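Remember, it's a predicted structure, so these values are computed and weren't measured experimentally. Just so you know, these numbers use all the heavy atoms, side chains as well, and skip hydrogens, waters and symmetry mates.
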Amino acid sequence: MKCTDGRRVALAVATALALTGTAACTSTESSGTPRKDRGTSARSLAALRSAERSTARAASARVRSTTVMGSRLSIAADGALGWGDGLTGTFTIRYTGGTTAESLRALGITSMEARYLPDAYYARMSEAFAEKTDGKHWIKYVYDDLVALGGGADFADQMRNTTPDQSVKLLLESGDVRNVGREKIAGRTATHYSGTVAVGDVADAQLKKQLQQAQVTTETVDIWVDDRNLLVKKVEKGRTGSGELTQTAYYSDYGVHVTAAKPPAADTEDFRDLLARQSTQTP
């Protein structure tokens, strides 16, 4: 495998796994006391604060999501995620479209299994890919090593914090949250909230930095909260340095038991070792 092929695959896999969770740009700190917002009612703010707390306390959920990054990549993910004691979860991710997906298909990769653990995540690749990595089927990404992908430490932080309550935190940074009304989501009645986050108005310094690094200027966030104050759906839309980004996610079965086993070491290739070995090869 050429060095450029390996790097492209590694980046595509890391991007897919990062986007499988919830918010593309998130804050790792509590939202704190709400600032005075331009057009958000006190009742909506109180409801969103309650949703943030309830969703965080639930500690796990089943997740179905679709993500579109312009013409570059489209993915669909289905699995369960836990966040009560570090990030854990298992997902099936399908590459459904885009130029990156076409490149991966050429390597026999149309879908993969992803396992999230507190210190790293693992991606199971295709048989064709394993033939080029001494028969190893899994790539291990240690979160702190993601700086090698060009995303920096903030990208690693986002991977550690891909939890549903992050979308609520992001919406709370909007100065114009609207209560759109009651709607049916997957058979359940939920309240729809919508708002636009302008990076220049973001009060959370860490979140603002992450948005700026992604070259985001504005992002629209829509969430649906059920009668238990739990997030059941979210849609985020924005423009990043890589183009338009749209993600839709559905959440159910809060509190579900989540496990994720570390793959066998003999069947696992470390991301760092993969790139180091390929960097010595002629492109």
Side-chain angles (χ1 to χ4, degrees), residues 6-7 9-29 55-65 67 75-95 104 109 111-126 129-130 133-167 210 247 249 251-276:
R7 290 180 184 276
V9 170
L11 180 58
V13 171
T15 299
L17 291 171
L19 293 173
T20 297
T22 54
C25 296
T26 64
S27 170
T28 60
E29 302 297 328
T55 301
R57 284 197 301 261
S60 67
R62 297 193 187 279
V63 184
R64 292 184 297 110
S65 68
T67 305
I75 60 174
D78 190 356
L81 189 69
W83 54 91
D85 185 19
L87 190 68
T88 58
T90 302
F91 279 81
T92 298
I93 300 173
R94 294 182 294 110
Y95 294 91
L104 292 174
I109 302 170
S111 65
M112 67 178 179
E113 178 185 345
R115 297 181 186 178
Y116 295 83
L117 281 87
D119 63 332
Y121 63 85
Y122 298 79
R124 193 185 194 286
M125 311 304 289
S126 67
F129 186 89
T133 55
D134 299 325
K136 297 180 179 180
H137 296 86
W138 293 87
I139 298 179
K140 176 184 179 180
Y141 295 83
V142 176
Y143 296 125
D144 290 336
D145 293 339
L146 292 177
V147 65
L149 289 177
D154 285 340
F155 185 59
D157 288 341
Q158 290 172 33
M159 286 299 305
R160 291 189 181 98
N161 292 277
T162 51
T163 59
D165 60 302
Q166 301 296 327
S167 293
Q210 291 174 354
Q247 186 180 64
Y251 306 97
S252 62
D253 295 336
Y254 277 96
V256 64
H257 180 62
V258 178
T259 59
K262 183 181 298 185
D267 197 25
T268 302
E269 179 79 18
D270 192 283
F271 164 70
R272 293 174 302 175
D273 297 338
L274 175 65
L275 293 193

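The backbone N or O of Val256 sits less than 3.5 Å from a side-chain atom of Ser60, completing a donor-acceptor pair. Not a single donor-acceptor pair under 3.5 Å links the side chain of Arg115 to the backbone N or O of Lys262. With hydrogens and angles ignored, the 3.5 Å screen pairs no side-chain donor or acceptor of Asp134 with any backbone N or O of Lys136. Judged by distance alone, with hydrogens and angles left aside, the side-chain atoms of Trp138 form no donor-acceptor pair with the main-chain N or O of Pro264 at under 3.5 Å. Of the possible donor and acceptor atoms, one in the side chain of Asp267 sits under 3.5 Å from a partner among the backbone N and O of His137.
Taking every heavy atom of both residues into account, Ala249 and Ser65 meet most closely at CB-CB, 3.9 Å. When all heavy atoms of Ile139 and Tyr141 are compared, the closest pair comes out as CG2-CE1, 3.4 Å. The nearest pair of heavy atoms linking Lys140 to Ala120 is CE-CB, 4.1 Å. Gly89 and Val258 make their closest contact through CA-CG1, 3.7 Å (heavy atoms, listed as atom of the first residue, atom of the second, distance). When all heavy atoms are compared, the tightest approach of Asp165 to Thr55 is N-CG2, 3.7 Å. For the pair Leu81 and Leu87, the tightest heavy-atom approach, listed with the atom from each and the gap, is CD1-CD1, 3.6 Å.
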*asked:* Let's go through Phe91 and Val63 carefully: what are the C-alpha distance in whole Å and the side-chain angles of both, what is the deciding distance for side chain to side chain contact (heavy atoms under 4.5 Å, CB included) to 0.1 Å, and is it a yes or a no?
replied: CA-CA 9 Å; Phe91 279 81; Val63 184; 3.8 Å; yes
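Atom-to-atom distance recorded for Ile75:CD1 and Thr67:OG1 is 4.5 Å, nearest 0.5 angstrom. If you take CD1 on Ile109 and CZ on Arg94, they are separated by 16.0 Å, rounding to the nearest 0.5 Å. Interatomic distance, Thr88 OG1 to His257 NE2, rounded to the nearest 0.5 Å: 9.0 Å.
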